[in-house]
There are 2 protein chains.
Amino acid sequence: MTEGRRERADAARNREAILRATEELLARYRPEQVSMERVAAAAGVGKGTVFHRFGSRMGLMVALMRERAYALDEAVTKGPPPLGPGAPPEERLMAFLDAVAELVGRNKGLLAALGHAATASSKSSSSKERSDDCAEGSPDDSPVYRFWHGHASGLIAERRPDLDAELLAHILLGSLQSEPVLRLLERGESARLAASLRVMAVGMLAAPERRSPREADGN
Amino acid sequence: MTEGRRERADAARNREAILRATEELLARYRPEQVSMERVAAAAGVGKGTVFHRFGSRMGLMVALMRERAYALDEAVTKGPPPLGPGAPPEERLMAFLDAVAELVGRNKGLLAALGHAATASSKSSSSKERSDDCAEGSPDDSPVYRFWHGHASGLIAERRPDLDAELLAHILLGSLQSEPVLRLLERGESARLAASLRVMAVGMLAAPERRSPREADGN
DNA sequence: AATAAACTGGACCGATGGTCAAGTTAGGCG
DNA sequence: CGCCTAACTTGACCATCGGTCCAGTTTATT
């Protein structure tokens, strides 16, 4: 789909089955217990197929993450005002953090798995390029994280050009990866997280002494 | 307390050698390349000895982390005012965050290794208890993290009892574990991190009534 | 129907975290 | 001083994992 290149029907079916199986296993077991072999077995395909399609454990996780994050990306880039363009930066940031927190909450297993897949993947030259995407490096290099960070960073910079928006965005987003926070989400207390995230964001965007409302709001 | 038990001289010497070897390897290579076998070899002992002393990879890392964090703990509990007791909560929090950021910066390898050691450790029944400490579970269960969190949480609560101090502390501390932030520290820009952390903390501790024109509390 | 490219599956590989039983040694005690 | 036991050490061994390979199968195109 992302490709449009010719992908055989059976291949597409298997890709889907693998993704679904991973989803299922990740929801039921701890990330480190979900081995590639188990995924293959659960999907009803051979281990080789999984690697052929996704290149590596990391690739699989990233692909799944991308799928999950697709809706949020859409809402952010061309959805209605609270999340999408049109609202003031602050509100958009808040809405975005809420949304990300919820997304992360519903996918903590995946997140952990993503983080856990930091092993080496030295060789890669099977034939040409990996079919889906040759994801390499840390989980934060994934297009999903890139997008999230870019968005949050942009909103912060828009409201407070004087701050280190890039870093602040990393800090805000990074906090969602810590285990205590993940554990909270696991217990269904995403509202509590959202509230605290709000406190941080509001405080951060508040004027250092006096705010100059004209600073940035156009657009 | 840490001792108490009688530990043979040779055992103590080996423990020290292992810790030192781990330190050395961690400083020179990527965490996932530092296998237990290599640690054993570098320390000049058998692999079994390493496991006997520290129980698991996780145990080793936690022990090393504890050693490194000892100085900070001391400074916080009975050091001079900026960090230790005596100064107002805000300043203590700032100083603490600065210190933690610096500590983390100087030990990013260890941090990553700690996070990387989230593998299963099903069986444990050698004879009695593990000699050092039977660390199990996530890295955030380590006594070091516990202490840090307790301290930060306490300071926040002291200044703003109305907030969710526990969670906020987790968020603040958790952000230090994210890879983008670690990467920053790796490049020696710990001052930049400290500055942004300050912005967040200051905003968070700022007076509540000042701003809440609309959806301030939400949820 | 033929054919080339794409796909599939599972045996296989090197490495790793962790276990264990058998041998070695420190060091308190008579 | 020599003995005796509990603590300690060791390295072979195990299960499993991520990843590779290639012979055999399927698809789609002409």
Side-chain angles (χ1 to χ4, degrees), chain A residues 3 5-18 22 25 29-61 113 116-132 134-136, chain B residues 5-18 22 25 29-41 43-61 113 116-132 134-136:
Chain A
E3 291 294 303
R5 222 73 180 118
R6 59 234 180 113
E7 179 185 53
R8 267 211 241 159
D10 57 341
R13 209 180 322 128
N14 278 343
R15 181 226 254 15
E16 200 52 33
I18 293 170
T22 307
L25 290 177
Y29 306 94
R30 289 237 144 257
E32 72 260 11
Q33 308 236 344
V34 180
S35 69
M36 296 302 267
E37 206 138 4
R38 274 182 68 154
V39 167
V45 303
K47 188 179 174 181
T49 302
V50 178
F51 278 93
H52 184 70
R53 282 264 79 82
F54 298 98
S56 69
R57 181 190 179 80
M58 191 54 177
L60 210 207
M61 299 308 174
H116 187 73
T119 46
S121 62
S122 52
K123 301 176 182 178
S124 63
S125 60
S126 57
S127 54
K128 293 179 180 180
E129 293 174 48
R130 251 59 206 245
S131 18
D132 200 87
C134 44
E136 189 140 20
Chain B
R5 224 83 180 112
R6 56 217 180 133
E7 179 184 53
R8 262 211 249 160
D10 58 340
R13 211 180 319 129
N14 279 342
R15 182 226 262 1
E16 203 49 34
I18 293 170
T22 308
L25 290 177
Y29 306 95
R30 290 236 141 258
E32 73 259 12
Q33 308 236 346
V34 180
S35 68
M36 297 302 268
E37 206 138 4
R38 269 178 60 131
V39 167
V45 303
K47 186 179 174 182
T49 302
V50 178
F51 278 93
H52 184 69
R53 283 263 80 81
F54 299 97
S56 68
R57 180 190 180 82
M58 186 64 172
L60 210 206
M61 298 307 171
H116 187 73
T119 46
S121 61
S122 51
K123 301 174 183 179
S124 62
S125 60
S126 58
S127 54
K128 295 181 179 180
E129 294 174 48
R130 251 60 208 243
S131 21
D132 200 88
C134 45
E136 188 140 22

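All chains are named by letter (A, B, ...) in the order of the sequence lines, taking the proteins before the strands, and each is independently numbered beginning at 1.
- An OP1 or OP2 oxygen of dT8(C) is reached within less than 4.0 angstrom by a side-chain nitrogen or oxygen of Asn14(A).
- The side-chain tip of Arg38(B) points at the ring of Tyr29(B) from less than 6.0 angstrom away and within 45° of straight on.
- At whole-Å resolution of the value, CZ in Phe54(B) and C1' in dC8(D) are 14 Å apart.
- Ile18(B) has its CD1 atom 14 Å from the P atom of dG17(C), to the nearest Å.
- Across all strands shown, Ser35(A) has heavy atoms under 4.0 Å from sugar-phosphate atoms exclusively, and none from any base.
- Between Gly48(A) and Val34(A), the residue anchored closer to the 5' end of DNA chain D is Val34(A), taking for each the nucleotide with the nearest heavy atom.
- The interatomic distance linking Lys47(A) (NZ) with dC21(D) (P) rounds to 14 Å, in whole Å.
- Between Phe51(A) atom CZ and dA11(C) atom C1' the separation is 14 Å, expressed in whole Å.
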**Request:** Take Gln33(B) and Arg30(B) through the side-chain contact (heavy atoms from CB on, under 4.5 Å) test and state the conclusion after the steps.
**Result:** CA-CA 5 Å; Gln33(B) 308 236 346; Arg30(B) 290 236 141 258; 3.8 Å; yes
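- When every heavy atom of Thr22(A) is checked against every heavy atom of Val39(A), the shortest pair comes out as OG1-CG1, 3.4 Å.
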**Message:** side-chain contact (heavy atoms from CB on, under 4.5 Å), that's the test. Do Glu7(B) and Arg53(B) meet it? Break it down for me.
**Reply:** CA-CA 11 Å; Glu7(B) 179 184 53; Arg53(B) 283 263 80 81; 4.1 Å; yes
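- The backbone N or O of Val45(A) sits nowhere less than 3.5 Å from a side-chain atom of Thr49(A) that would complete a donor-acceptor pair.
- The nearest whole Å value for the distance from the NE2 atom in His52(B) to the C1' atom in dG17(C) is 18 Å.
- Shortest non-hydrogen contact noted between Arg57(B) and Phe51(B) is N-CE2, 4.5 Å.
- One can place CZ of Arg38(A) at 19 Å from P of dG9(C), the figure rounded to the nearest angstrom.
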**Complete:** Readout for nucleotides 23-30 of chain D: B = base within 4.0 Å of protein heavy atom, S = sugar-phosphate only, - = neither; 5' to 3' it is ---BSS--
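- In this entry the distance linking CD of Glu32(A) with C1' of dA15(D) reads 16 Å, nearest Å.
- Between Ser56(A) and dG18(D) there is no side-chain N or O to OP1 or OP2 distance below 4.0 Å.
- Mapped onto DNA chain C by nearest heavy atom, Gly46(A) and Glu37(A) fall at different nucleotides, with Gly46(A) at the one closer to the 5' end.
- Rounded to a whole Å, the CE atom of Met36(A) is 21 Å from the P atom of dC13(C).
- When all heavy atoms of Ala43(A) and Ile18(A) are compared, the pair lying nearest together is CB-CA, 3.8 Å.
- At dC7(C), one or more side-chain N or O atoms of Arg53(A) fall inside 4.0 Å of OP1 or OP2 (strictly under the cut-off).
- Between dT10(D), dC12(C), dC13(D), one nucleotide has an atom nearer to the side chain of Val45(B) than all others, and that is dT10(D).
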